[in-house]
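Worksheet: the structure to be examined is printed underneath.
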Amino acid sequence: MTTTALKEPVRKTSPGAARESRRRTGRIRRISLPYLLLLPALLLELLVHLVPMVIGMVMSFKELTQFYIRDWGTAPWSGLGNYQVSVDFDAPVGEALLHSFFVTVGFTLLSVGLCWLIGTAAAVYLQDTFRGRGLLRALFLVPYALPVYAAVITWVFMFQHENGLVNHVLHDQLHLTDQPSFWLIGDNSFYALLTVSVWKGWPFAFLIVMAGLQNIPKELYEAAALDGAGMWQQIRRITLPSLRPVNQVLVLVLFLWTFNDFNTPYVLFGKAAPEAADLISVHIYQASFVTWNFGTGSAMSVLLLLFLLVVTGVYLLFTSRGRRAADV
């Protein structure tokens, strides 16, 4: 008895179906390629920022002191105890944190406002063509290009009491003060910190505003000049409204950078910042690495993160509403 093997009929694929399959495969590759290119950056972001942030949140719920540094996982849970200590403004820890918060808010508002004002004025001034404009632009960007530590250490020497350049100019040459001032201690430390922050930050505002000015058509200024509008009217009616999207992003970035700035006060004053210049970033560092109370320091860091998230969300909400109202 013979058996005949039943063969499945071969299905022929039409040229149209083959082209559709290749087209679908190419579309999937095009869609997935950006995500594959972003994958290394996302993994690094996860390792460098997200994982430490989650660990810091866990640490904020523990009584993590110097006794548990070797194995912080064995530290007992404190629940919301660290947060209660941080926000108890009648106790020394909470009172010091609240003072540091107010100092940081005032410092940030002044620094961001001055950086934006100086950067915008310089960018508008350098829009006109004149000899030496390129060199002047390069010189304006020097503070932003310098390494933070090198620049701030230079300012430390300039603020020295006996032989600093600042006292030499203000006291010895201009005779504006009765005696040389102490700039790195006392109330003057706030003004010293503000000076360094503005000197270091305004070139970034200058760079961003200068880039935004390139997108404003020159015909608008020519038409305004023909209608008799002066320089200040052109700035108020053309320049500032056209720069509104750029300024919204610029102010937010400057605010976040300045509020979180740690390098400048740490290099300028060391581990123990004066009370007048006790920024919250250095205050949290002192609460964590000087007093060895990492649980309380982590709770302060989480509270700072929540505050910045709320401020950022409210700022973006109001700016988006203003943008939609302007479009209407």
Side-chain angles (χ1 to χ4, degrees), residues 104-159 164-166 169-170 183-184 188-216 218 231-232 234-236 238-269 273 277 279 281-282 308 311-312 315 319:
T104 308
V105 170
F107 163 76
T108 303
L109 294 178
L110 288 175
S111 178
V112 172
L114 290 174
C115 286
W116 178 84
L117 181 62
I118 298 174
T120 302
V124 171
Y125 173 72
L126 290 183
Q127 282 300 106
D128 296 332
T129 302
F130 57 89
R131 181 174 296 180
R133 184 179 66 167
L135 177 61
L136 203 56
R137 284 180 175 179
L139 291 177
F140 282 174
L141 294 176
V142 168
Y144 183 67
L146 285 176
V148 176
Y149 286 89
V152 178
I153 288 175
T154 303
W155 277 100
V156 171
F157 288 107
M158 293 173 62
F159 281 127
L165 179 62
V166 176
V169 173
L170 296 180
W183 293 101
L184 300 179
N188 288 334
S189 59
F190 180 85
Y191 303 105
L193 178 61
L194 181 63
T195 300
V196 178
S197 177
V198 173
W199 176 84
K200 183 171 59 70
W202 78 265
F204 175 76
F206 162 73
L207 183 64
I208 300 302
V209 173
M210 186 174 61
L213 289 174
Q214 307 301 319
N215 296 324
I216 303 177
K218 293 184 179 180
M231 180 185 66
W232 293 110
Q234 293 179 17
I235 293 176
R236 188 163 61 92
I238 299 176
T239 304
L240 293 180
S242 300
L243 289 175
R244 183 176 300 168
V246 175
N247 285 328
Q248 288 174 353
V249 178
L250 173 62
V251 170
L252 179 60
V253 172
L254 286 176
F255 176 83
L256 295 177
W257 282 0
T258 307
F259 207 96
N260 286 319
D261 189 15
F262 173 81
N263 295 328
T264 302
Y266 184 80
V267 178
L268 200 60
F269 305 115
L279 297 189
S281 57
V282 180
L308 292 178
V311 171
T312 303
Y315 178 83
T319 53

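Atom CG in L114 sits 6.0 Å away from atom CG in L194 (nearest 0.5 Å). Summarising the geometry, atom CD1 belonging to I238 is positioned 8.5 Å from atom CD1 belonging to I216; distances are rounded to the nearest 0.5 Å. With rounding to the nearest 0.5 angstrom, the OG atom of S189 is 10.5 Å from the CZ atom of F159. Rounding to the nearest 0.5 Å gives a distance of 9.0 Å between CG of N215 and CG of L243. Atoms CD and CD, on Q214 and Q127 in that order, are 5.0 Å from each other to the nearest 0.5 Å. Interatomic distance, CG of N247 versus CG of L252, reported as 12.5 Å (0.5 Å rounding).
Pairing each heavy atom of A277 with each of F269, the nearest pair is CB-CE1, 3.7 Å. Heavy-atom minimum distance, W116 versus T120: O-OG1, 2.7 Å. When all heavy atoms of Q248 and Y315 are compared, the pair lying nearest together is O-OH, 2.7 Å. Nearest approach of R133 to L126, heavy atoms of both residues: CD-O, 3.0 Å. Nearest heavy-atom pair, C115 versus L254, reported as atom, atom and distance to 0.1 Å: CB-CD1, 4.3 Å. Residues F262 and S281 approach most closely at CA-OG, 3.7 Å, considering heavy atoms.
Using the six-membered ring where Trp is involved, F107 and F190 have ring planes that are perpendicular, over 60° apart on the 30 and 60° scheme. Ring-plane geometry between F255 and F259 is classed as tilted, the angle between the planes lying from 30 to 60 degrees on a 0 to 90 degree scale.
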> Would V152 and N263 count as a side-chain contact (heavy atoms from CB on, under 4.5 Å) if you check the C-alpha gap in whole Å, the side-chain angles of each, and the deciding distance to 0.1 Å?
Replying inline: CA-CA 9 Å; V152 178; N263 295 328; over 6 Å; no
> What's the verdict on side-chain contact (heavy atoms from CB on, under 4.5 Å) for F206 and I118, showing C-alpha distance, side-chain angles and the deciding distance?
Replying inline: CA-CA 8 Å; F206 162 73; I118 298 174; over 6 Å; no
>> K200 vs D261, test: side-chain contact (heavy atoms from CB on, under 4.5 Å). Steps then yes/no.
In response: CA-CA 12 Å; K200 183 171 59 70; D261 189 15; 4.1 Å; yes
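Centroid-to-centroid, the aromatic rings of F140 and W202 come within less than 6.0 Å.
In this structure, the side chain to side chain contact (heavy atoms under 4.5 Å, CB included) partners of I208, at least two apart in sequence or on a different chain, are F204, V246, L250. Under the side-chain hydrogen bond (donor to acceptor under 3.5 Å, both in side chains) criterion, Q234 pairs with no residue at all, not counting sequence neighbours.
Side-chain contact between V148 and V267 is absent, with no heavy atoms from C-beta onward closer than 4.5 Å. You'll find the side chain of T195 stays beyond 4.5 Å of the side chain of V166, heavy atoms only. Within the 4.5 Å cutoff, the side chain of L308 has heavy atoms near those of the N260 side chain. Side chains of V198 and L110 form no contact here, defined as non-hydrogen atoms less than 4.5 Å apart.
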